Amino acid sequence: MPELPEVETVRQGLRKLVLNKRIEKIVLLYPKIVIGDSSLFKNTLEGLTIKEIGRRGKYLLFNFTEGITMVSHLRMEGKYFVRNSDDEIEKHTHVIFKFTDKKELRYNDVRKFGRMELVRTDDVFNLKSLKKLGPEPIASDFSTLDFATKLKKKNKMIKPALLDQTLVAGLGNIYVDEVLWMSKINPQTIASHLKEEQIKTLHDAIILELAKAVSAGGTTIRSYTNAFENSGAFQFELNVYGKTGELCARCHTPIKKIVVAQRGTHFCPNCQKVE
DNA sequence: AACGGTGTTGGATT
DNA sequence: TAATCCAACACCGT
């Protein structure tokens, strides 16, 4: 499911739903979702209150009282929603955060790939997974110059380079295909071969596209919903992802799908020529 | 009905 | 060090 726009939309919904709620009890139906000692996870969180919910890249950061943070990654299909404590437990619910007001936050994940982990709030950005993240894709953090310098050193195709989160945080398979189409860059172009002008275009497309997707509440392909269980609307703005065989909006050439770095990759063979 | 593909990440391998 | 491959899991469409 979720790339940066979806995670951000989930974050905004969760803030409205669970901020300042106190956890009375944690129920772990599938403890493997938790990284580290699951009893410690449970014992630590019981009694704490959710004070803020942040985001870094595709990671949600739940800040609790007592200087504790839960780092949560939804991976492919993780989702959070709120239920009453007497509502039936759905099939793929794995973690339940029961609040003192008889509401509960439930973590649901069909594929069980998502993970959550407790760390001291002061140590969050020392986590290996967060430490490696590149800048947030907003103009104030994401410098064109720095992006260009790093790309010139990458002896790797641009698509996997953008997916690995170190050049810029938050892009996944959908938005990478979209921003490359926007920038007329072939996904198999070696990053170091990109021209100055293309890098600038790509940089700006990343910022703009992700901002637009956040405004639209993210992209729902099959299962993504936000914390209120609403779908996003950005799927209607996509130009290449899932459009195999449909005509390119710019030049009317059929969109092609290939595999690049083990990921399905959609592009226009006419607009996005290899450099 | 079996098989390949699915929005992600990180550990193993080279 | 860095690039590449693949497992973790369940479901869906062909």
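Predicted, not measured: the structure shown is a model, and the values here were computed from it. Letters go in sequence order (proteins before strands), and every chain restarts at 1.
An aromatic stack links Phe113(A) and the base of dA8(C), using centre distance under 5.5 Å and interplanar angle under 30°.
Between His94(A) atom NE2 and dA10(C) atom P there is a gap of 8 Å when expressed in whole angstrom units. Atom CD of Gln262(A) is separated from atom P of dG5(B) by 12 Å (rounded to the nearest Å). Following rounding to the nearest Å, Met157(A) (CE) and dC5(C) (C1') show an atom-to-atom distance of 13 Å. Across the protein-nucleic acid pair, Lys79(A) atom NZ and dG7(B) atom P stand 16 Å apart, rounded to whole Å. When rounded to the nearest whole Å, the span between CG of Asn108(A) and P of dC9(C) equals 17 Å. Glu3(A) has its CD atom 12 Å from the C1' atom of dT6(B), to the nearest Å. The distance between atom CD of Gln235(A) and atom P of dG7(B), rounded to the nearest whole Å, is 15 Å. Here dT8(B) presents its C1' atom at 9 Å from CZ of Arg111(A), a figure rounded to the nearest Å.
The closest side-chain donor-acceptor pair between Ser223(A) and Glu77(A) falls under 3.5 angstrom.
The phosphate of dA10(C) has neither OP1 nor OP2 within less than 4.0 Å of any side-chain N or O from Lys91(A). Between His92(A) and dC11(C) there is a side-chain N or O to OP1 or OP2 distance below 4.0 Å. OP1 or OP2 of dG7(B) lies within a sub-4.0 Å distance of a side-chain N or O belonging to Tyr241(A).
Judged by distance alone, the side chain of Asn43(A) and the main-chain N or O of Ser39(A) form a donor-acceptor pair under 3.5 Å. Listed for the Gln165(A) side chain is a donor-acceptor partner under 3.5 Å among the backbone atoms of Leu171(A). A donor-acceptor pair under 3.5 Å is absent between the side-chain atoms of Gln272(A) and the main chain of Pro187(A), judged by distance alone.
Rounded to a whole angstrom, the distance from the P atom of dT9(B) to that of dC11(C) is 23 Å. When the P atom is compared between dG5(B) and dC5(C), the two are found 15 Å apart, to the nearest whole Å. Atom P of dA7(C) sits at a distance of 16 Å from the matching atom of dC3(B), rounded to the whole Å.
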Next on the checklist: Protein within reach of the bases, or only the backbone? For nucleotides 9-14 of chain B, mark each nucleotide 5' to 3' as B, S or -, using heavy atoms under 4.0 Å.
Outcome noted: BSS---
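In plain terms, the two heavy atoms of Leu4(A) and Ala169(A) that are nearest each other are CD1-O, 3.9 Å. Between Phe99(A) and Glu104(A), the shortest heavy-atom contact is CD1-CA, 3.9 Å.
DNA chain C contains the following stems of three or more consecutive Watson-Crick or G-U pairs, with both distances under 3.5 Å: B:2-6 with C:10-14, B:8-14 with C:2-8.
Residue contacts for Gly264(A): at a heavy-atom cut-off of 4.0 Å it reaches the sugar-phosphate backbone alone, with no base atom in range. Counting any heavy atom pair closer than 4.0 Å across all strands shown, Asp109(A) reaches no nucleic acid atom.
Picking from dG7(B), dA10(C), dT4(C) the nucleotide with the shortest atom distance to the side chain of Val110(A) gives dA10(C). Here dT6(B) is the nucleotide among dT6(B), dA8(C), dT8(B) with the atom lying nearest to any side-chain atom of Lys257(A). With distances taken from any side-chain atom of Lys156(A) to the nucleotides dA8(C), dT6(B), dT4(C), the minimum falls on dT4(C).
The shortest side-chain heavy-atom distance between Thr69(A) and Val124(A) falls under the 4.5 Å cut-off.
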Next on the checklist: Applying side chain to side chain donor-acceptor pair (under 3.5 Å) to Tyr80(A) and Ser72(A), what does each step give before you reach the verdict?
Outcome noted: CA-CA 11 Å; Tyr80(A) 284 101; Ser72(A) 170; 2.6 Å; yes
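Phe234(A) and Tyr224(A) have their aromatic ring centers separated by at least 6.0 angstrom.
Between Arg83(A) and Glu90(A), at least one side-chain nitrogen of the basic residue sits less than 4.0 Å from a carboxylate oxygen of the acidic one, meeting the salt-bridge criterion.
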